[in-house]
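Structure record follows, encoded as structure tokens.
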Amino acid sequence: MGYPQAREKPHAVCIPYPAQGHINPMLKLAKLLHHRGFHITFVNTEYNHQRLLRSRGLRSLDGLPHFRFASIPDGLPPSAGDSTQDIPSLCVSLNEHGPLSFKSLLVELREQSKDGVVPPVTCIVSDGVMTFTVDAAEELKIPEVVLWTPSACGLLGYTMYRRLVEDGFTPMK
């Protein structure tokens, strides 16, 4: 089912790293873009998508026009827990399985835009940790911006880490 302004509305695909401290800032940005007239496709991993549905109910993602959720596999085996997955395993698995899954989603969205279901994707907003999105964006010629989700203090820590090592402050003994 199409809608008349499908070709006129900008369409951002937002993809955070699948951990709460990354999802929340990306979701806030997606809401702001939506408020400014963007169609949003918010991409979670299947694991986090199911967690969201379990916590909010099966119909929780329905009903907001021009804001939809999509999911891609993270490549990890199903887990019974309801917490953040093992970070090192998740990083390795996403780097292995993420590129093809994300590109496939973008191709699917392109097909849906031809049918007037969604507007054509006009940009990708990815988490700074989801580096595989850059290749898909370049290959499909979609502009991409990267959102750095950690706090300013976290950014300062990342930028100063080398100096802390050089000056002997870390690793702590």
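In what follows, every heavy atom counts, from backbone to side chain, and hydrogens, waters and symmetry copies are set aside. Since we're looking at a predicted model, the values are computed, not measured.
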Within the side chain of His39, is there an N or O that forms a donor-acceptor pair under 3.5 Å with the backbone of Pro65?
-> no

Just how far is it from atom OG1 of Thr41 to atom CD of Glu108, taken to the nearest 0.5 Å?
-> 9.5 Å

Separation of Gln112 CD from Arg68 CZ (nearest 0.5 Å) = 4.5 Å

Partners meeting side-chain hydrogen bond (donor to acceptor under 3.5 Å, both in side chains) with His22 (sequence neighbours left out) | Asp127, Thr149

Taken to the nearest 0.5 Å, the spacing of Thr170 OG1 from Met160 CE works out to 13.0 Å

For Tyr17 and Ile23, which heavy atoms make the closest approach, and how far apart are they?
-> O-CG1, 3.6 Å

Got a second to check how far Thr159's OG1 is from Leu164's CG, nearest 0.5 Å?
-> 9.0 Å

Gap separating the OG atom of Ser101 from the CG atom of Leu94, nearest 0.5 angstrom = 9.0 Å

Thr122 side chain vs His11 backbone, donor-acceptor pair below 3.5 Å = yes

If Ile, Leu, Val, Met, Phe, Trp and Tyr residues are connected whenever their side-chain heavy atoms lie under 4.5 Å apart, and connections chain through other members, are Val146 and Val13 in the same group?
-> no

Show me the donor-acceptor pairs, under 3.5 Å and distance only, between side chains in residues 136-144 and residues at least two apart or in other chains.
{"unit_1": "Glu139", "atom_1": "OE2", "unit_2": "Lys103", "atom_2": "NZ", "d": "2.3"}
{"unit_1": "Glu144", "atom_1": "OE1", "unit_2": "Val134", "atom_2": "N", "d": "3.3"}
{"unit_1": "Glu144", "atom_1": "OE2", "unit_2": "Ser126", "atom_2": "OG", "d": "2.5"}
{"unit_1": "Glu144", "atom_1": "OE2", "unit_2": "Thr133", "atom_2": "OG1", "d": "2.5"}

Take the angle between the ring planes of His34 and Phe67 and call it parallel below 30°, perpendicular above 60°, tilted in between.
-> perpendicular

Start with the C-alpha distance between Glu111 and Lys114, add both sets of side-chain angles, then the distance that settles salt bridge (Lys or Arg N to Asp or Glu O under 4.0 Å), and finish with yes or no.
-> CA-CA 5 Å; Glu111 292 304 312; Lys114 291 177 184 175; 3.3 Å; yes

Does Met130 reach the side chain of Pro18, with side-chain heavy atoms less than 4.5 Å apart?
-> yes

Does any non-hydrogen side-chain atom of Pro119 lie less than 4.5 Å from one of Phe38?
-> no

Residues at least two apart in sequence or cross-chain that pass side-chain contact (heavy atoms from CB on, under 4.5 Å) with Ser93, listed by chain then number, are Leu76, His97

For the residue pair Ile15 and Ile72, establish whether any side-chain heavy-atom pair is separated by less than 4.5 Å.
-> yes

Inter-residue atom distance Asn24.CG - Leu29.CG, 0.5 Å rounding | 13.0 Å

Considering all heavy atoms, the nearest Gly37-Pro10 contact = O-CD, 3.8 Å

If you group Ile, Leu, Val, Met, Phe, Trp and Tyr by side-chain heavy-atom gaps below 4.5 Å, do Phe42 and Val145 land in one group?
-> yes

